[in-house]
Structure formats: C-alpha cells, structure tokens
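Data block below; observations after.
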There are 2 protein chains.
Amino acid sequence: MILRMNETSSTAPRASGARPGGRSARVQAAVHQAVNELQATGRDAVTVPAIAARAGVTPSTIYRRWGDLAQLLADVAVSQMRPDTLPADTGAYRNDLLTWLDQYRDEMSSELGRCMLRDVLSAQGRENPGRCVSFCAQQLDTIAERASARGERPVRTEVLLDGVVAPLIYRILFAAETPSTDDVTRWVDAVIDREA
Amino acid sequence: MILRMNETSSTAPRASGARPGGRSARVQAAVHQAVNELQATGRDAVTVPAIAARAGVTPSTIYRRWGDLAQLLADVAVSQMRPDTLPADTGAYRNDLLTWLDQYRDEMSSELGRCMLRDVLSAQGRENPGRCVSFCAQQLDTIAERASARGERPVRTEVLLDGVVAPLIYRILFAAETPSTDDVTRWVDAVIDREA
DNA sequence: TGTCTTAAAGCAATGGTTTTGCTTTAGTGG
DNA sequence: CCACTAAAGCAAAACCATTGCTTTAAGACA
C-alpha cells in the first residue's frame, strides 16, 4: 500500500470552534475562488497581494494561514483534484479502468492539470502529494470493488498505480510529449495480462 | 521514444566569445557552488541575495542570467543530476540494470535527490525535466548496448522508463514511503519477464 | 601588443512582496 | 448576555525583485 489518507481539509484551522460556515470557512472559500479566478488571467497575476485584494482580505491573513504562496497554490490544487463523483460504471472492469484512467490522463495532461501537479509538488511538506495518490487510489478501489461484486478478478490498486498511473504522471511531468489514450490502453492491458 | 536531448549546458551565454574559463564560466561556477553550500545550511537560507553575496556577485547578475530563483535552482539541480561516469559493467545485463537502477533509486530518494527533483519541476519551461529523462535514458542505453554486444537481448529503454523509472520517481515524489531495493528488483524482473 | 567591440557584471534607485507587533472583530461556550 | 479565544485587520519595517545606466573584461583584429 503506497498511501492512504482521509483528512477532510488541509489548512483549515478547526482548532476549537470553526464550524462550516464560520468566518474561517468563508475566508478560505473566498481565497480559493480568488486564486482560481487569477489563475485564469495568467500565471504572473497570481501573487499574494493580488489574491488578497480580490478575496477581500489582507495579505497578512494569507501569509498567516498558508505560510506562503506555494502552499496556498498547493492547497487549492489539491482541493481541485479531489474527485467529486464516483467513476462511471460501464458494466465491465477493463472498460471501467480505461474510461476512468483516460479521463484522468486527459485532466492531468491539460495545461491546468500540469499546473496543479507542479503546484502540489512545489510546496514543502509531503501531505499534499500524498493526498493526490490517495484520491486516485480511492477511485481505483471503487472500480475494483465493483469488479469483485460482479465476480471479476480485479488487479490490485497498487499494481495499477505502479503500472499505469506512474508512467502517466511521470511522462506528463518529465517528457516532452504528453501520453495518449493508446498509451493508457497499452499500460492497462499489460497490467491486466500480467496479473491474470 | 520519450525524449532525447544533447545540449551541453543550460543557461550559459556563449553568444560569440565566452570560452570555458572566461568570466561567464567563472561566475556560473561560483554561483553554482554558492547554491550548493547554502542548500546544505537549510532551505530557507537559499535566497538570491544570499547566493549572490556568497558567490561574490550582485543579485542583478543572477536575475539577468537565470531569470529567477526557481530557474537557478533547476539549473543547479540538473547539472548535479548529469551523470559523470558510465554505469558499472558487471558482466550481465540484469545485474547491470539492478546495480545502476538501485543506485539511481538511492540518489533520488535521498533528501537531496527529492529537492533536486522538486527544483527541476518547479521552474517554468520543460527543458530541464526533459534533460533528467535524457540523462537516465542515456545510461540505460549504454547498459543495453553492452548487453547486445554480449549477445543478450536487452529491454527497450522506453519500456524500462515506463516500467521501472516511472514508478520509482512517482513514489519518491508522491508517496509517503520511498521505494526500496526490493521494489526496484521486482519492477526490473517484471519488465524483463514480460519482454522475454 | 594595442585598440576596438560587445556581452556580461556592477551600481543604485524603485517598486513590490513578505513579515511582524499590536489591535480589533467574530464566533463559541458558559 | 458576557467572557474567552482564534483569526483577521492594520500599518510599519525589512527584504526581495526589477530596471536603466555605467563600467569592466574577454576576445578579435590589425
């Protein structure tokens, strides 16, 4: 098992009080939204004072809560990567895998996806990258559980992470060309053949 | 083929004059050394003015040559990752692979190695990450050529990158625990078995 | 060797970002 | 309703990044 985590949020204070809807939550939402809006208008515009102004808070609030720009961007990126729906159920294990993984490839290899990966890795602290793997593993686990329920024999999630997700992300981060749907298919089939 | 590059240096000016040993080269060496020294004394100390002071240059020199701190750190990281020796020749393909890849695992999973990977990915521009893959591929190509010369049938380098290097680096970057020698052995054997 | 050319480094001023002590406010529990 | 506490605002200071102009040094050529 590579990593599993289950925290709900990342930098939310939550010390004693602070329920959802409290002042902290409002500030966090406003800041996240401000970051997303500024990301759209070019990378250079994303600066702490600019974010603060747009979110209607002071820079010191951001610095005190997130530490620095890199950690704020990482926090926003992770919350964007959190899956909001279950993987589609196509009725067959291999097809579920191909469908979800190709969508993952598509999202992660986009300009926005690459930025999110970079933001997550650029900040110090190992929690955020761990959360990415965790989100991914959760979705793959869901697909595997459905396969088991159908009587199919799914591949271990760890093997999928090593055999498909890893080359996918490695190439997105390091290689000149982003991987294709065919690459994903090839990797998935290799893993399924090997484990079968 | 994922990527191949063969540039000699990265940010060296080299416009018309500027031979090795000239003023530019001396500044570059001094700055690189200053970065390495400061990296050792804690991450927070690595700032452009600090580097400039230690290297005996002015900050504007650094900003003009490298653009910003991230690009300088990426440049230093890449030049540290450039291999300075050929992979060891142990007489057998599988053993050559295991020896070199486990050493690579050791270097990349160290604190310093993780910092270098992060620095390379944090800077904008896709050349530097590409150089990392390239260095790695060159070493694996050398091992493969030796194997062919011996009459062994080596695995394609691209397959090794996807099957071994990718999970290695993916886990170093994203997972909580760094991969072990056993992981490398497992990945290498899986690739060899599959291709054989 | 001496002069010319040019790329790169130095200097210094400016503007933006980060950091910090102190004050104020909003949410929570008694 | 009041007291308490964590978080936000404010403002000043320190620090970092950027830029125009000047100076230096390396190489080219006579």
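Numbers restart at 1 for each chain; the letters A, B, ... are given by sequence-line order, proteins then strands. Nothing here was measured: the structure is a model prediction, and the numbers come from that model.
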*asked:* In this structure, how many angstroms lie between the P atom of D/dG9 and the CZ atom of A/R65, rounded?
replied: 10 Å
*Relative to the 5' end of DNA chain D, which residue comes earlier, B/R64 or B/L69, by the nucleotide with the nearest heavy atom?*
B/L69
*CG of A/D68 versus P of C/dG16: gap in Å, rounded?*
21 Å
*Cut-off 3.5 Å, side chains only: do B/S122 and A/R118 have a donor facing an acceptor?*
no
_Classify the ring geometry of B/F174 against B/Y170: parallel below 30°, tilted from 30° to 60°, perpendicular beyond 60°._
tilted
*By a strict heavy-atom criterion of less than 4.0 Å, which residues belonging to residues 46-61 of chain B are in contact with DNA chain C?*
B/G56, B/V57, B/T58, B/S60, B/T61
*asked:* Taking the basic N atoms (NZ, or NE/NH1/NH2) and the acidic carboxylate oxygens, is any pair closer than 4.0 Å for B/D189 and B/R94?
replied: yes
*asked:* Looking at B/R146 and B/D141, is there a salt bridge between them, counting it only when a charged N and a carboxylate O are closer than 4.0 Å?
replied: no
*Does A/V165 belong to the same Ile/Leu/Val/Met/Phe/Trp/Tyr cluster as B/V159, with side-chain heavy atoms less than 4.5 Å apart forming each link?*
yes
*Calculate the interatomic distance between A/R23 atom CZ and D/dA8 atom P; express it in whole Å.*
6 Å
_What is the separation between atom CG on B/D44 and atom P on D/dC16, rounded to the nearest whole Å?_
11 Å
_I need the CD1-P distance between B/I62 and D/dT18, as an integer number of Å._
13 Å
*asked:* In this structure, how many angstroms lie between the P atom of C/dT17 and the CG atom of A/L73, rounded?
replied: 14 Å
*Ignoring hydrogens and angles, state whether a donor on the side chain of B/D68 or B/Q124 is under 3.5 Å from an acceptor on the partner side chain.*
no
*Round to the nearest Å and state the distance from B/R26 atom CZ to D/dA26 atom C1'.*
9 Å
